[in-house]
Amino acid sequence: QVQLVESGGGSVQAGGSLRLSCVASGYTYGTNCMGWFRQAPGKEREGVAAANSGDGSTYYAVSVGGRFTISQDNAKNTVYLQMNSLKPEDTAMYYCATTGNLCSGSSWYKSNTFRYWGQGTQVTVSS
């Protein structure tokens, strides 16, 4: 059974940083795509970043480009999201997700691209 467990969320002031982690277990994909999504109250879930293992491709939402960095440690089955220069509008529940396929530029930000999801970790940024 595939499980994804996120950690690293919390409360921070604007301009601060957080690093989210997501540990995956229960599967051994040779190549996959792992992504981070977020959902703020009253808003739709949106793709934040994604990374393909195998070819090293990464994708970012325009709203976080230059501030967030996604990385993977395949040996640990872990994906990270380093978030710098946080803004109040980054406040949301953050979810990691994975699929057994590679993402593309036209698929990474779509929720239905991903098969497995974590429970989420809350990020709150105060002004």
Side-chain angles (χ1 to χ4, degrees):
Q1 182 177 358
V2 176
Q3 288 190 321
L4 301 175
V5 179
E6 303 99 332
S7 62
S11 296
V12 65
Q13 289 190 328
S17 298
L18 286 172
R19 188 177 82 154
L20 306 183
S21 300
C22 173
V23 180
S25 61
Y27 76 92
T28 52
Y29 289 137
T31 55
N32 68 359
C33 177
M34 295 196 76
W36 286 98
F37 286 73
R38 67 186 180 186
Q39 187 166 21
K43 295 187 177 182
E44 293 186 356
R45 186 173 297 186
E46 63 170 345
V48 175
N52 284 330
S53 65
D55 69 8
S57 300
T58 56
Y59 306 93
Y60 295 95
V62 172
S63 59
V64 306
R67 299 187 298 123
F68 290 12
T69 302
I70 188 171
S71 61
Q72 292 192 90
D73 185 335
N74 292 328
K76 297 181 179 180
N77 278 349
T78 301
V79 62
Y80 304 98
L81 185 68
Q82 178 66 44
M83 305 186 296
N84 299 328
S85 302
L86 283 162
K87 304 175 181 180
E89 50 264 43
D90 295 318
T91 295
M93 184 71 78
Y94 282 71
Y95 301 89
C96 74
T98 189
T99 174
N101 300 310
L102 297 180
C103 289
S104 68
S106 61
S107 71
W108 75 269
Y109 55 90
K110 299 175 181 177
S111 295
N112 60 12
T113 295
F114 296 86
R115 182 176 180 184
Y116 301 104
W117 292 81
Q119 293 300 306
T121 185
Q122 178 67 37
V123 171
T124 303
V125 184
S126 58
S127 58

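No experiment lies behind these values; they were computed from the predicted model shown.
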List the steps and the verdict of side-chain contact (heavy atoms from CB on, under 4.5 Å) for Val2 and Arg115. CA-CA 10 Å; Val2 176; Arg115 182 176 180 184; over 6 Å; no
Just do the side-chain contact (heavy atoms from CB on, under 4.5 Å) check on Thr91 and Gln122 with the steps written out, would you? CA-CA 8 Å; Thr91 295; Gln122 178 67 37; 4.1 Å; yes
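Using a 3.5 Å distance cut-off with no hydrogens or angles, the side chains of Asn32 and Ser53 do pair a donor with an acceptor.
Tyr109 OH to Ser104 OG: the interatomic distance, rounded to the nearest 0.5 Å, is 8.0 Å. Gln72 contributes atom CD, which lies 8.0 Å from atom CG of Asn52 (distance to the nearest 0.5 angstrom). With rounding to the nearest 0.5 angstrom, the CD atom of Gln39 is 8.5 Å from the CD atom of Glu44. For the atom pair Lys110 NZ and Phe37 CZ, the distance stands at 11.0 Å (nearest 0.5 Å).
The two residues Pro88 and Ser127 make their nearest non-hydrogen contact at CG-CB, 3.9 Å. Considering every non-hydrogen atom in both Trp108 and Gly47, the closest pair reads CZ3-C, 3.7 Å. The two residues Thr78 and Ser21 make their nearest non-hydrogen contact at CG2-CB, 4.5 Å. The two residues Leu18 and Leu86 make their nearest non-hydrogen contact at N-CD1, 3.8 Å. Ser107 approaches Thr113 most closely through the heavy-atom pair O-OG1, 2.6 Å. Pairing each heavy atom of Leu4 with each of Ala24, the nearest pair is CD2-CB, 3.3 Å.
Under the rule for a side chain to side chain donor-acceptor pair (under 3.5 Å), the partners of Ser17 that lie at least two apart in sequence or sit in another chain are Asn84. Partners of Glu89 according to the salt bridge (charged side-chain N to carboxylate O under 4.0 Å, His left out) rule, which considers only residues two or more places apart in sequence or in another chain, do not exist here.
Looking at Thr121, its side chain never comes within 3.5 Å of a backbone N or O of Glu6 through a donor-acceptor pair.
Cluster membership for Met34 and Met83, using ILVMFWY side-chain heavy atoms within less than 4.5 angstrom, is shared. Side-chain heavy atoms closer than 4.5 Å link hydrophobic residues (I, L, V, M, F, W, Y) into clusters, and following such links, even through other members, never connects Leu81 to Val5. Val12 and Val48 fall within a single hydrophobic cluster, where Ile, Leu, Val, Met, Phe, Trp and Tyr are joined by side-chain heavy atoms under 4.5 Å apart, directly or via other members. Linking Ile, Leu, Val, Met, Phe, Trp and Tyr whenever their side-chain heavy atoms come within less than 4.5 Å puts Tyr60 and Val125 in one cluster. If you chain together hydrophobic residues whose side chains sit under 4.5 Å apart, Trp117 and Val123 never meet in one group.
Both the sub-6.0 Å distance and the 45° axial angle are satisfied by Arg19 relative to the ring of Tyr80.
Between Tyr94 and Phe68, the ring planes lie tilted relative to each other; the angle falls in the 30° to 60° range.
Residues in residues 40-107 take part in these disulfide bond (SG atoms under 2.5 Å apart) pairs, two or more places apart or across chains: Cys22-Cys96, Cys33-Cys103.
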